[in-house]
Amino acid sequence: MIVQGTYTLPLPPARVFAALTDPAVLQQAIPGCEKLEKTADDEYKAHLKIGIAAVKGSYAGRVRLSDKHPPDRFTMHLEGKGAAGFVNGTARIELEEEGRNTQLHYNADVQVGGLIAAVGSRMIEAAAKKLAGDFFQAFSEALPQAE
Amino acid sequence: MSAAKGYFGKPMKRVEDPRLIKGIATYVDDITLPGMLHAAVLRSPYAHARINNIKADAAKASPGVVGVFTGADVNDKCGLVPCASPMPDSKIPKHTVLASDRVYFVGHPVAVVVAVDRYAARDALDFVEVDYDPLPVVSDPEKALEKDSPLTHPEFRTNVAFTWSVANGGLDAAFKRAHRVIKQRMIHQRLTPMAIEPRGCVASWHAGEGTLTLYTSTQIPHLVRTLLPGMISVPENRIRIVAPEVGGAFGSKLNLYAEEALCSHLAQRLGAPVKWIESRRENAAATIHGRDQIGEYEVAVKKDGTLLAIKSKTLADIGAYCQLNTPAIPTLTGLMLTGCYKCKAMRMDVVGVYTHKMATDAYRGAGRPEATYVIERLMDIIADELKLDPVKVRLKNFPKPTEFPFDTLTGLTYDSGNYQGALKKAQQISNWNKLTKQRDAARKSGKLFGIGLSTYVEICALGPSKMMSAGGWEWGCVRIEMSGKVTVITGATPHGQGQETSFAQIAADKLGVPIEDIVVMRGDTAVAHYGRDTYGSRATVIGGAAILMCIDKIIAKARKLAAHLLDTKEKSVEFRDGKFSAKGKPKKALTWKQLAPEAYVAKNIPQNWEPGLEASSFFEPPNCTYPFGTHIVAVEVDRDTGEVKIVKYVTVDDCGHQVNPLLVEGQLQGGIAHSIGQALFERTVYDENGQLLTGEFMDYAMPRAKDIPEYLMDSTVTPSPSNPMGIKGVGEAGTIGATPAIANAVMDALSPLGIRHLDLPLTPEKIWRAIAPVKVK
Amino acid sequence: MIPAAFDYLRPATLDEAIALLELHGADAKVLAGGHSLVPVMKLRLAQPKTVIDISSVADLSYVREQGDKIAIGAMTTHYDIEASPLLRDTCPLLTELAPQIGDAQVRNRGTIGGSLVHADPAADWPAAILALDADLEIAGSNGRRAVKATEFFVGMMETVVQSSEILCEIRVPTTARSVAYVKFAQRASGFAIAGVAVVVDGANKTVSVGVTGVAARPYRALAVESVLRGKVLNRDAIDQAAGIAAEGVEPLDDIHASAAFRAHLVQVNTRRALEVAVSRG
Amino acid sequence: MKTVVNIRVNGVEQKHEVEPRTLLVHFLRDCCRLTGTHVGCETSICGACTVLFEGKAVKSCTLLAVQADGSEVTTIEGLAGDGRLHPVQEGFWERHGLQCGYCTPGMIMMAVQLLERNPKPTREEISHAIEGNLCRCTGYSHIIDAIEYAARKIAEVKK
């Protein structure tokens, strides 16, 4: 499943890039992120509680960044496992300067498995888009603090 | 009381019904044994992954948990899940009961929790931590054949599980002679049987005796008893299998599953009975699926519609491993590919392919629905391309009734048939001319209206032992009890088909006793000592014949006793209407009720006459049976939404003589319902990562009452010479005959738009995409 | 399947229920009829620590006239709405829609309030609630507030009802007979793939159109409404308007219907619903 | 934490201590040992678990036993009175409305409620009423016949 979108952020790409690779900002922005721990360079362990409304589950996750080309692009690999199944995703994130803002394009290949795939398939894409939306919303709110 | 007769052929209501309609029947989940523990199975959420590590400590500490077991704990004690029908070149992977180092489909059992109740067992599943490394997945059988495809079983270095071919006649010559060669690719979508009762079992180990009783929701208790000793270390004669009431199966319980061996082992290991009941989600993921073939079909025809030859290359997506009969299913497709038509040459090449999905196996019809669908679609396509009437094309290619027994190119001998007769009758009762006029009028007013036809023949009552992997006979036993009551025991294991009634009808007639005096027992290997169980529409035909054999033996034996008691010669004893009398002295007749006590008390019996009135028999069928018929369907397609509405459904089926027409009708209607599902909406969906997306009733669409049309049903009677009653199996005929009729009707409705073929299921969206092409994002 | 363990509370009054919700916070869930919540709990997709059953709370199940509106208690079952003579006469859209929800057993237990708060994107009620421009009254510790249907649904399975609030009443206007609900159902579950509710106000020459099942959130087809405002609802006008029923909407896409098919179906059903409603006027 | 639940099942008081999460169907099957009510799915689709709850057909797999505390429940076992079959049961028997019998108790309970609300249903109304009950064996046609039979039978008895 491909989930993609574009967001406009009120900072130049270099600042956005720095924030996106800053664990403190990530922790604030990732929906339901209860813990984010650095395990290696560009690698983090996370504890997430994600879902929608009553349908929420706990996931142990890993986040890894690769293919870093500041300030233009990088790739984020996500893995989450919980009792309700697993979510794996690879998101390519590209930053484009537009005046004083940054156009952020993301293109994520998301793979969902287990219970959530078996019984929630009709909602997964919309849920993924919503979570992505929540992330960038929270991220842009977290930005000023990242300065 | 006058002796009853004439039960055979009567539409009698069923003797098994009272317990079922009162809710006092016993299904496997209704069984509770003292000290019984409950098992829950942890299954893989991945289609393909390496298991690095399983941590069970937290689960073991969970309240009520008695034990948590992984592959490392049990696999060496549970043997391998068997495949009974490998092809000569089959590559059969080691199918352990729990995954060892790898999982290779979603739902693959990884660990089992045993606890004091089902709630505690379910809770503990959440605490078993499995560290998986996901591996590349292949869920598309065509991709699985590509060079760089991920491998389901890397040890084989290929995803090809087996190959199989059937061929006869001069194929090249036939194709050279043809006026026209028509090609069509067809996909037979994967289906999920979805019996409303999921699987389940209760295993009970009797340590003192060293015996095991396994209650299991199965079609095949006897085959399970034959096969289970190969898995667990308990010999056959110390195993008792009980199939209690079984809540539907449709082929999905024609298997020996991992969980049955696992619970048997755990009961021994833990010294307590162990129950496991499958959830619906597990049922969708880890009980066999059906169909799933992709075929390229080619026919050679003359311009008058004469069929010369047919060939196919078929890919059978068998999933991740071979269950009991997995490789055999597509061979049935091959054997029946020519349908009810004469043909000069045929060839079918099957490649069975492993993918990261649940195994396919026998689902209602098992291979034959694919064959009938192919040939019946091709008949319509031939008619369409040659601008011929589809009825005439069929009539042109039928063998004449006088040509039976009819030898087919695939080596079968169709026992009896009159395909023209069924077709003609179906046309009559469907009011064919009026129906075609209705279609013309509907088309003129802009409606999409279509008429479809299927003239089918199928192979059932499987079958002579030479074509089966473990005997094709059936066993029966009849006992006139000391009281004169009759106990009939069958090795066939009916589970809803109604043989408690139809076998009682058969026995009552033959014995000349009221049907109320008869009890039919089945489904328990301690009672029905032998049997080959119920599948392939075989129980009434083969099991019924075995009972008749028993009764013949008993009558012969009783004749001797009667002669002795009537003080006459055996030769002059007549048996009529349940009474034995000396010729010319009907008034001094002996009934079974009078004979039976003499037979058992045995104080006044002939010399060298063995006491008792009991006989058992194995009936070995000389041939399969080949029921046939014609289904005619009219549909209307909603131009806007693509929805299909069946507006007329006519069937004329011929299953020879009918023991109980009410049960025949029930089997046909039930079978047709499966077809309506297959034709219009059922499909098992895996995504490209091997995730099962139709894992619940919420996503797997099955027919409901409102999807069922009003039927016009009739029959013709062409007795089978393969058994003493002249009957043929009918459990799958509906499913085999109906699907192509519905598909042909829909394609006929769409034909004015120039659409030649759409694959099943004919969902609204698929039809809409075909009739109103739009740009899709 | 078996839900995870939870604590069960059954308050007798609405105030008590709200107090309990405040106490237990986001880990508590309100149980109405249970036909949205219990299934997800059985699958363990939802594992609330506390379940607050409001079935003993008095006076949450009713259909009654209230000024020029009809008030429906949140705990009123789908069946009670289906069978309500008052609604059949005064707000027939609801009695037409109700029997299309789930199945008879579900309608006997499931409640309108429970369904609305669960906000499944494919539930049926939202289409009618939107088309009727209903008012939804929500009770919280600071008293009650009413919101418009158009403000009620926030997103997929999310509404403006906060975790310590309870939806207690739905108020709908009375309408003429010129209403319709046309649904294309998902075959397995019966949920809407495209459900369109239409209210035609002949006097004011306006229509309102509520759509469910198509997007992550039910919506009012405002473009359709505005094109038809003041117009005679003849075939051409309806055809033209129905063609924009999915405008500005990002349709859901799943194995049961692609986004394109959903977008198509909402157009078909908008046309059909308008035709039926007009024919009833 | 366990709680005591008291439900009148088929006219008999059934008082058992259960966890709040205990489903009504498990209360009936495991605590009351009334196993005629079956479980076919976990998503309220199949209807095999249908019972009458305060006279209304409900899916007992989607109700908690605690929700039924203090209520009346009728299961398939409580339908036949004085050893006589209920007309709906009789209809299923007469018209071959069942094969494996697994969906049958739920189907019968649903039909009982239908005929109470609508004593003379059309075939279409019957189909609509049993939309929440899946049967994989019969193909429904005989089930509809059975319910029509029961409707006639009830009307005759009332005359």
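Basis for what follows: all heavy atoms, side chains included, without hydrogens, waters or symmetry-related copies. So that the names make sense, note that chain A is the first sequence line, chain B the second, and so on, each numbered from 1. It should be emphasised that the depicted structure is a prediction, and the values quoted were computed from it without experimental measurement.
Using a 4.5 Å heavy-atom threshold, the side chains of B:Glu197 and D:Cys100 count as separate. In this structure, the side chains of B:Arg280 and D:Ile45 stay at 4.5 Å or more apart for every pair of heavy atoms. Counting heavy atoms from C-beta on, the side chains of B:Leu20 and D:Leu98 come closer than 4.5 Å. Using a 4.5 Å heavy-atom threshold, the side chains of B:Gln669 and D:Thr138 count as separate. In this structure, B:Phe697 and D:Ser44 have side chains that are not in contact, with every pair of non-hydrogen atoms separated by 4.5 Å or more. D:His96 has its side chain out of reach of B:Asn660: every pair of non-hydrogen atoms, C-beta onward, lies at least 4.5 Å apart. Counting heavy atoms from C-beta on, the side chains of D:Asp30 and B:Arg118 come closer than 4.5 Å. Residues D:Leu85 and B:Ile21 have side chains in contact (heavy-atom distance under 4.5 Å, counting atoms from C-beta outward).
Interface check for chain D: of the options B:Arg364, B:Arg14, B:Lys22, the most heavy-atom pairs under 4.5 Å are formed by B:Arg14. Note on B:Val246, B:Leu662, B:Ile672: by heavy-atom pairs under 4.5 Å with chain D, the leading option is B:Leu662. In terms of heavy-atom pairs under 4.5 angstrom with chain B, the leader among D:Gln99, D:His26, D:Glu77 is D:Gln99. Note on B:Ile24, B:Thr26, B:Leu663: by heavy-atom pairs under 4.5 Å with chain D, the leading option is B:Leu663.
For NZ of B:Lys645, the number of neighbouring non-hydrogen atoms (other residues, nucleotides, ligands) closer than 6.0 Å is 12 at most.
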Under 3.5 Å, which donor-acceptor pairs link side chains of residues 4-13 of chain D to any protein atom two or more places apart or in another chain?
{"from": "D:Arg8", "atom 1": "NH2", "to": "D:Gly11", "atom 2": "O", "distance (Å)": "2.7"}
{"from": "D:Asn10", "atom 1": "OD1", "to": "D:Thr75", "atom 2": "N", "distance (Å)": "2.8"}
{"from": "D:Asn10", "atom 1": "ND2", "to": "D:Thr75", "atom 2": "OG1", "distance (Å)": "2.9"}

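Remark: B:Glu682 engages D:Arg136 in a salt bridge, criterion side-chain N to carboxylate O under 4.0 Å. Checked for salt-bridge contact, B:Lys13 and D:Glu94 meet the test: a charged N lies under 4.0 Å from a carboxylate O.
For chain D, the nearby parts of B:Met194 are the backbone and the side chain; heavy atoms of each come within less than 4.5 Å.
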